[in-house]
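All chains are named by letter (A, B, ...) in the order of the sequence lines, taking the proteins before the strands, and each is independently numbered beginning at 1.
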Protein chains: 2
Amino acid sequence: MPFVKKRTNTSDRTVKKDDVTDSAVGHRTEVTCSQCEFSGFLQLFNEMPLELARIFLLRERKVLKGEVLFREGEPFRGIYAIKEGGVKSCLLTPQSTERILGFYLPGELLGMESLRATHYQTTAIVLEPGRVCCLPLDQLELLGDSYQRFQEQLIQTLTNHLAQQQQQFVLSARQSAEERLAAFLLNMAERYARHGLVGTSFRLIMLRQDIAYFLGISIETVSRTLTRFQTKKLLLAVGKQIYLLDTPGLQAIAYSTPPPDSAPAG
Amino acid sequence: MPFVKKRTNTSDRTVKKDDVTDSAVGHRTEVTCSQCEFSGFLQLFNEMPLELARIFLLRERKVLKGEVLFREGEPFRGIYAIKEGGVKSCLLTPQSTERILGFYLPGELLGMESLRATHYQTTAIVLEPGRVCCLPLDQLELLGDSYQRFQEQLIQTLTNHLAQQQQQFVLSARQSAEERLAAFLLNMAERYARHGLVGTSFRLIMLRQDIAYFLGISIETVSRTLTRFQTKKLLLAVGKQIYLLDTPGLQAIAYSTPPPDSAPAG
DNA sequence: CGCTAGGTTGATAGAATTCAATTGTAGTGG
DNA sequence: CCACTACAATTGAATTCTATCAACCTAGCG
């Protein structure tokens with residue numbers, strides 16, 4: 001894997017589609033984690049000492065829509081950080097429909113459930129082209145002193161993932177399709193808002209079909225419920241683009257109570 | 001019966017309710033983790049060095065039905081290990097119905113999602129009286145060499161919890177009530193079977209109401225689906241006692257595959 | 001221009017929720 | 001031992017919701 005020097009002069013070139021295609025595989029930029037735009041964002045690297053950050057040079061690479069980052073059963077190579085674009089994680093079922101476990105946005109980590117396993121336990125598919133990094137966490141044991149501090153961060157990260165996963169589970173255990181979809185949209189909005197984007201306007205990275213599988217309802221119900229939300233002036237949906245018009249109203253539906261909680265622990 | 005400890009002389013006394021009451025709080029047995037009946041079972045302590053195991057003497061105590069192990073928002077004291085009985089974990093919603101996150105059986109760990117937080121993120125309520133241990137994992141940092149090895153075990157445990165949680169999420173995203181309930185019962189059976197109990201006969205620790213909240217269906221549907229399973233000769237339900245009569249049949253419902261001749265990956 | 005995949009809408013049968021009534025069970029005290 | 005109470009669980013009937021099958025619409029694209 002040939003590495004390029006840091007940051008030559010990509011910014012003054014107009015990015016055409018061909019660039020995406022030809023550089024999709026193998027094109028990697030040598031940037032340490034601390035130099036990465038997400039270094040202060042991904043808590044996993046918050047206080048990562050420099051010598052440790054250098055160990056895994058961020059092997060950033062572009063990915064195409066439909067590309068498989070890793071497949072269930074493949075030997076574990078590492079977890080992935082999304083830098084741009086979007087990914088879905090799912091289980092492959094023999095002949096029936098796939099089971100979607102979650103969606104991942106820029107700044108989020110993916111594949112942690114396979115961390116200490118020999119093989120990946122899920123499959124990750126790119127929904128929206130962008131950039132990802134593979135972090136070979138299994139090589140960390142080579143380290144000495146910094147290792148322990150990093151482990152603590154890793155435990156922190158895993159714990160947070162666990163809490164988030166539980167939150168997600170609670171959302172999915174809601175009864176009606178309206179509750180589920182409202183909770184889902186609010187969750188997406190919150191996650192987009194984390195990246196400095198406006199929390200009321202965002203673009204869904206997944207198909208209606210994916211939402212349906214994820215929430216355990218049919219694709220037609222997703223569509224119909226979205227339409228109903230629009231007639232209620234709760235939001236505006238133009239294809240994948242979503243504009244939330246009445247967040248409190250959606251919260252009332254999602255939590256079937258007047259908006260109670262303000263801000264959960266970050 | 002897994003709990004055959006070298007007792008003093010409790011067996012020759014008839015256990016009355018009063019005993020449970022007076023020893024419910026504060027009565028602790030000083031046993032190191034390695035002497036605990038679950039030491040070889042809880043992977044977290046699998047290879048725990050002795051000097052480390054001695055750090056937290058298992059502060060086992062009896063708990064009563066309805067007792068709150070920890071409440072959402074309380075300062076974090078440690079995670080809990082169930083040694084006997086059963087516990088449910090839930091989120092408290094302002095005035096509406098509680099959201100149930102999961103159920104915990106003997107040999108399982110509880111509260112890991114709050115591990116590196118300052119306060120508990122969930123509430124744990126005892127469903128079936130028994131014995132629990134509080135493990136003050138925040139005090140571990142006092143340790144030296146053994147610490148790192150333990151951290152690795154902790155990461156392993158957290159990773160497994162994450163994978164299980166995802167599995168649970170997938171189960172809950174199933175569409176029909178039959179699928180969900182069948183999957184739930186099979187999951188319970190599997191977990192009971194882990195403790196050397198027969199996997200086809202067990203006693204539910206929770207109310208129908210709890211199951212309903214957990215699965216996101218109504219309590220009446222739980223009841224009706226159970227009776228439907230009984231008329232199909234899939235199981236026998238006498239109150240909380242469950243006898244699985246046709247496990248493959250239930251699997252066929254839970255995983256919506258006609259004949260699961262070969263066992264799926266497990 | 002017509003193709004195709006994704007998305008929406010309609011009609012209908014089946015499933016689940018809801019309200020309501022009934023039965024069952026455990027605990028209490030006379 | 002029994003009635004009494006409170007709570008849990010079941011069952012019934014009507015309404016509401018959802019899945020399903022189908023047709024139609026839309027946008028992107030060669």
Side-chain angles (χ1 to χ4, degrees), chain A residues 17-18 21 65-66 86 88 96-98 100 125 127-129 172-182 184-185 203-232 235-242 253 256, chain B residues 16-18 20-21 64-66 86 88 96-98 100 125 127-129 172-185 203-232 235-242 253 256:
Chain A
K17 282 177 210 154
D18 292 349
T21 311
K65 184 174 175 180
K88 74 174 171 185
S96 79
T97 60
E98 67 184 9
I100 292 192
I125 301 176
L127 293 176
E128 190 141 293
S172 82
R174 299 189 124 60
Q175 297 186 156
S176 78
E178 282 202 352
E179 284 175 316
R180 290 191 206 185
L181 191 56
F184 170 74
L185 290 173
R203 188 169 181 282
L204 295 174
I205 60 170
M206 73 296 283
L207 302 178
R208 302 285 193 267
Q209 181 68 79
D210 295 321
I211 301 176
Y213 284 152
F214 180 68
L215 296 178
I217 58 184
S218 77
I219 178 177
E220 293 94 335
T221 300
V222 172
S223 185
R224 266 186 265 264
T225 307
L226 271 179
T227 313
R228 213 177 311 147
F229 283 168
Q230 291 187 79
T231 61
K232 287 185 189 172
L235 55 81
L236 188 60
V238 187
K240 291 195 172 67
Q241 191 67 33
I242 302 287
I253 292 176
S256 48
Chain B
K16 292 184 294 187
K17 284 171 212 155
D18 293 350
V20 179
T21 311
L64 293 176
K65 183 175 175 179
K88 75 174 169 183
S96 79
T97 59
E98 66 185 9
I100 292 192
I125 300 175
L127 294 176
E128 190 141 295
S172 81
R174 300 189 124 58
Q175 299 185 153
S176 79
E178 284 202 351
E179 284 176 317
R180 290 190 207 184
L181 191 56
F184 171 74
L185 290 173
R203 189 169 178 281
L204 295 174
I205 59 170
M206 72 298 284
L207 302 178
R208 300 285 195 269
Q209 182 69 79
D210 295 321
I211 301 177
Y213 284 151
F214 181 67
L215 296 179
I217 58 183
S218 76
I219 179 177
E220 293 95 334
T221 301
V222 172
S223 187
R224 267 185 263 264
T225 307
L226 270 179
T227 50
R228 209 177 314 147
F229 282 169
Q230 290 187 79
T231 61
K232 287 186 188 173
L235 55 82
L236 190 60
V238 187
K240 290 196 174 66
Q241 192 67 34
I242 301 288
I253 292 176
S256 50

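Checking the phosphate oxygens (OP1, OP2) of C:dG7, a side-chain nitrogen or oxygen of A:Lys240 falls inside 4.0 Å. Between D:dA19 and B:Ser176, no contact under 4.0 Å exists linking OP1 or OP2 to a side-chain N or O.
In this structure, OH of B:Tyr213 is placed 13 Å from P of D:dA9, rounded to the nearest angstrom. Rounded to whole Å, atom C1' of C:dA5 lies 16 Å from atom CG of A:Leu127. At whole-Å resolution of the value, CG in B:Leu181 and C1' in C:dA15 are 15 Å apart. Whole-Å rounding puts the B:Gln241 CD to C:dT25 C1' distance at 15 Å. Between the CG atom of B:Leu207 and the P atom of C:dA26 there is a distance of 13 Å, rounded to whole Å. Rounding to whole angstrom units, CD of residue A:Glu178 and P of C:dT17 are separated by 15 Å. Rounded to a whole Å, the CZ atom of B:Arg203 is 14 Å from the P atom of D:dA8. As rounded to whole Å, 11 Å separates atom P of D:dT11 from atom CZ of B:Arg208.
For the pair B:Glu179 and B:Leu215, the minimum side-chain heavy-atom distance is 4.5 Å or more. A 4.5 Å side-chain heavy-atom check between A:Leu207 and A:Leu127 finds every atom pair outside the cut-off.
A salt bridge links B:Lys88 and B:Glu98; the closest N-O separation between the charged side-chain nitrogens and carboxylate oxygens is under 4.0 Å. Between A:Lys240 and A:Glu128 there is no salt bridge, since none of the side-chain N atoms of the basic residue sits less than 4.0 Å from a carboxylate O of the acidic one.
Taking a 4.0 Å limit (strictly below) on heavy-atom distances, residues 214-226 of chain B reaches DNA chain D at B:Glu220, B:Ser223, B:Arg224.
Take A:Lys65 and apply the salt bridge (charged side-chain N to carboxylate O under 4.0 Å, His left out) test, not counting sequence neighbours, and it matches no residue.
Annotation: of the two residues near DNA chain C, A:Gln175 and A:Gln209, the 5′-most nearest-nucleotide partner is A:Gln209.
Taking CD1 of B:Ile217 as the start and CD of B:Glu178 as the end, the distance is 10.0 Å to the nearest 0.5 Å. Separation of atoms CZ (B:Arg180) and CD1 (B:Ile253) is listed at 15.0 Å; rounding is to 0.5 Å.
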